[in-house]
Amino acid sequence: MELAAFDFFCGAGGLTRGLLDAGITVLAGFDADGSCAETYERNNSPSRYVEADIRTLAMKDLRNSSKGAIMSEMLFVGCAPCQPFTKQVKNGNSAPVETLLGAFGRLIEMATPRTVLMENVPGIARVRGNSTFKRFLRCLESNGYLVDVGVLDAKKLGVPQTRRRLILIAMRGRKPTLPKPISSAGLRPYRTVRQAIGHFPPIEAGESHLTVPNHTAASLSPTNLERIKHTPKDGGDRRSWPPYLRLECHNENHQGHTDVYGRMRWDAPAPTLTGRCNSLSNGRYGHPTQDRAISLREAAALQSFPDRYVFSGTDQHIAKQIGNAVPVALAKSLGEHILKIQASS
């Protein structure tokens, strides 16, 4: 049975691409950021990008994009922007995601799709009190949905990256489950940085490859270029720098977080990518052996985007598109699992 879906907060289309690869028909992706439209539609045809604030959507808008699909048999996917709940944000301001997740719940209540899938950071479920996430769960349950929710690490589902995410699957008339790991100790090995990016041709900091799309590395200042040259290959970090290269905040035997300016390890999954995944100073985003940060193309591969997936926009915005995306392999695993559940009902 064919399953049709809407992808809310679709961004550059990582989740859409994975669902399409799983055999699910994604009719449209909805997002307020119009600058993602070219990337989304270029790589996910015939799925259509609808620039819209989810808080303003009405049933007529959904029907206009449904291509005749029966709404009550569809899959609704929603991955509301999660920055207010990440570890990097400590001011407690959760208003943006509260509003958006609540709006997603309103659409579910209005259209009652058969299946709901949500992905977010684990911290969204740890907010105290009558949180938005708890209200979202009550909305699902009051509308007849059975729910399974838990934290999955994307590296256990085929993504070459450590990326812990809260996954929720809800279904009407059937108790869902979450997919089991395909990689872990005792199962097949995790995909590694080497497997994901080892085939890309070498480039210098500040260079773009002539024939590999998006294989562009950010420029480095002379000081940062010297720092990466003093960082040991294959997993080294700033603790190996000579004193004159150390940052002021790292002096006086400061240990702190050593991932910043560090190199990735060839034979391990990458660390969690963010919207600044091409910046040497924003995480362990140094190439394992070349004296630069990973390129945009390499970042996309670590998010399990296929090499044919071409991103449009400024380098800064492309890095954000990539870092904020749901990894394609994770989305495909979730889509295949949902289809398997539905086929057995």
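Keep in mind that this is a model prediction, so the values were computed, not measured.
Remark: of the listed residues L273, L302, V159, V159 is the sole one forming a side chain to side chain contact (heavy atoms under 4.5 Å, CB included) with P327. Here the rule is side-chain hydrogen bond (donor to acceptor under 3.5 Å, both in side chains) with R263, and of D237, T231, D291 only D291 fits it. Considering L168, V77, D7 as possible partners of L117, the one that fulfils the side chain to side chain contact (heavy atoms under 4.5 Å, CB included) test is V77.
More than 12 heavy atoms of other residues, nucleotides or ligands lie within 6.0 Å of NZ in K233, so this atom counts as buried by the packing criterion. Other residues, nucleotides and ligands contribute more than 12 heavy atoms inside 6.0 Å of the CD atom of E141. The 12-atom threshold is not exceeded at NZ of K229, counting heavy atoms of other residues, nucleotides or ligands nearer than 6.0 Å. Within a 6.0 Å sphere centred on CD of E38, other residues, nucleotides and ligands contribute 12 heavy atoms or fewer. At most 12 heavy atoms of other shown residues, nucleotides or ligands fall within 6.0 angstrom of atom CZ in R164.
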D234 vs R194, salt bridge (charged side-chain N to carboxylate O under 4.0 Å, His left out): CA-CA, chis, key distance, verdict = CA-CA 10 Å; D234 199 10; R194 187 189 303 274; 5.2 Å; no
Salt bridge (charged side-chain N to carboxylate O under 4.0 Å, His left out) assessment of E298 paired with R292 | CA-CA 12 Å; E298 290 163 338; R292 58 176 176 82; 2.9 Å; yes
Could you go through the salt bridge (charged side-chain N to carboxylate O under 4.0 Å, His left out) check for D259 and R238 one step at a time?
-> CA-CA 8 Å; D259 273 356; R238 61 176 174 76; over 6 Å; no
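Using a distance-only test at 3.5 Å, with no hydrogens or angles considered, no donor-acceptor pair links the side chain of T162 to the main chain of P271. Put simply, the side chain of R297 gets close to the backbone of P213: a donor and an acceptor are under 3.5 Å apart. D148 contributes a side-chain N or O that, together with a main-chain N or O of L178, makes up a donor-acceptor pair within less than 3.5 Å.
Looking at H215 and P201, their side chains come closer than 4.5 Å, going by heavy atoms from C-beta outward.
Note on residues 329-339: pairs passing side chain to side chain donor-acceptor pair (under 3.5 Å), not counting sequence neighbours, are T177-H337.
For F9 and F30, the ring centers sit 6.0 Å or farther from each other. Less than 6.0 angstrom separates the ring centroid of F311 from the ring centroid of F305.
Residues Q321 and Y40 bring no donor and acceptor atom of their side chains to less than 3.5 Å of each other.
For the pair R17 and Y309, the cation-pi test (distance below 6.0 Å, angle within 45°) is failed.
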